[in-house]
Amino acid sequence: QVQLVESGGGLVQAGGSLRLSCAASGRTFSSYSMAWFRQRSGKEREFVAAINRRVGTTYNADSVKGRLTIFRDNAKNTVYLQMNSLKSEDTAVYYCAARNSAWATFELKDYEYWGQGTQVTVSS
């Protein structure tokens, strides 16, 4: 079992930056591939970015490539989402998720553990 707690959300102007953090506790963090998803108002939860459990390979949704970057620090049991050049359409609740596998995926159903979410609001 692993518990996930997101932080770092807030209100930012378009073009600005935020860094989200997801702190994990419980079993060995490095055993888990991690991902960020988001849910915009009235929309289904969607994939944003993922990283395999060994630091290295990352995956991004096309809509965020070059702007939102996932990275992890296994020594700190934390995964991050660096968000630059934010747009109003990035406004959403952002969730981190963990999967006990060497490989991250794009699919919500593949992730066993979820955080409670953190709100990001981008004003235009």
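Here, residue 1 is the first one in the sequence, and each next residue gets the next number. Just so it is clear, the model here is predicted, and its values are computed rather than measured.
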Donor-acceptor contacts under 3.5 Å from residues 13-24 side chains, at least two apart:
{"from": "Ser17", "atom 1": "OG", "to": "Asn84", "atom 2": "OD1", "distance (Å)": "3.0"}
{"from": "Arg19", "atom 1": "NE", "to": "Gln82", "atom 2": "OE1", "distance (Å)": "2.7"}
{"from": "Arg19", "atom 1": "NH2", "to": "Gln82", "atom 2": "OE1", "distance (Å)": "3.2"}

Where the side chain of [X] meets the backbone of [Y], is there a donor-acceptor pair that is under 3.5 Å apart?
{"X": "Thr91", "Y": "Val122", "value": "yes"}
{"X": "Thr28", "Y": "Ser30", "value": "no"}
{"X": "Ser31", "Y": "Asn100", "value": "no"}

What heavy-atom pair brings [X] and [Y] nearest, and what distance separates the two atoms?
{"X": "Ile70", "Y": "Ala35", "result": "CD1-CA, 4.2 Å"}
{"X": "Val48", "Y": "Leu68", "result": "CG1-CD2, 3.8 Å"}
{"X": "Phe37", "Y": "Leu108", "result": "CE2-CD1, 3.5 Å"}
{"X": "Ala50", "Y": "Thr105", "result": "CB-O, 4.1 Å"}

Does any part of the side chain of Arg38, heavy atoms only, come nearer than 4.5 Å to the side chain of Lys43, both counted from C-beta? no

Using a strict cut-off of less than 4.0 Å between a Lys/Arg side-chain nitrogen and an Asp/Glu carboxylate oxygen, indicate whether Asp62 and Lys65 qualify as a salt bridge. yes

Side chain to side chain contact (heavy atoms under 4.5 Å, CB included) filter on Ser88, not counting sequence neighbours, yields Ser124

CA sep, side-chain torsions, deciding dist, call: Tyr59, Asn52, side-chain contact (heavy atoms from CB on, under 4.5 Å): CA-CA 9 Å; Tyr59 310 89; Asn52 291 339; 3.3 Å; yes

Do Leu81 and Leu86 sit in one hydrophobic cluster, given that two such residues count as connected whenever their side-chain heavy atoms are within less than 4.5 Å of each other, even indirectly? yes

Do Val120 and Val79 land in one hydrophobic cluster if side-chain heavy atoms of ILVMFWY residues count as linked below 4.5 Å? yes

Worked check of salt bridge (Lys or Arg N to Asp or Glu O under 4.0 Å) between Glu89 and Arg40: CA-CA 8 Å; Glu89 52 262 45; Arg40 292 180 277 191; over 6 Å; no

Aromatic contact, Tyr80 with Phe71 (centres under 6.0 Å): yes

Using a side-chain heavy atom cutoff under 4.5 Å and only I, L, V, M, F, W and Y, what cluster partners does Val5 have? none

Positive for side-chain contact (heavy atoms from CB on, under 4.5 Å) with Tyr113, one of Gln1, Met34, Gln3: Gln1

From the list Asp73, Leu4, Asn74, side-chain contact (heavy atoms from CB on, under 4.5 Å) with Phe29 holds only for Asn74

Run the side-chain contact (heavy atoms from CB on, under 4.5 Å) check on Val93 and Tyr95 step by step: do they pass? CA-CA 7 Å; Val93 178; Tyr95 298 89; 3.5 Å; yes

Do Tyr111 and Arg99 pass the side-chain hydrogen bond (donor to acceptor under 3.5 Å, both in side chains) test, and can you show the C-alpha distance, the side-chain angles, and the key distance before you say yes or no? CA-CA 5 Å; Tyr111 290 84; Arg99 179 171 193 249; 5.9 Å; no

Separation between CZ of Arg45 and OH of Tyr94, rounded to the nearest 0.5 Å: 13.0 Å

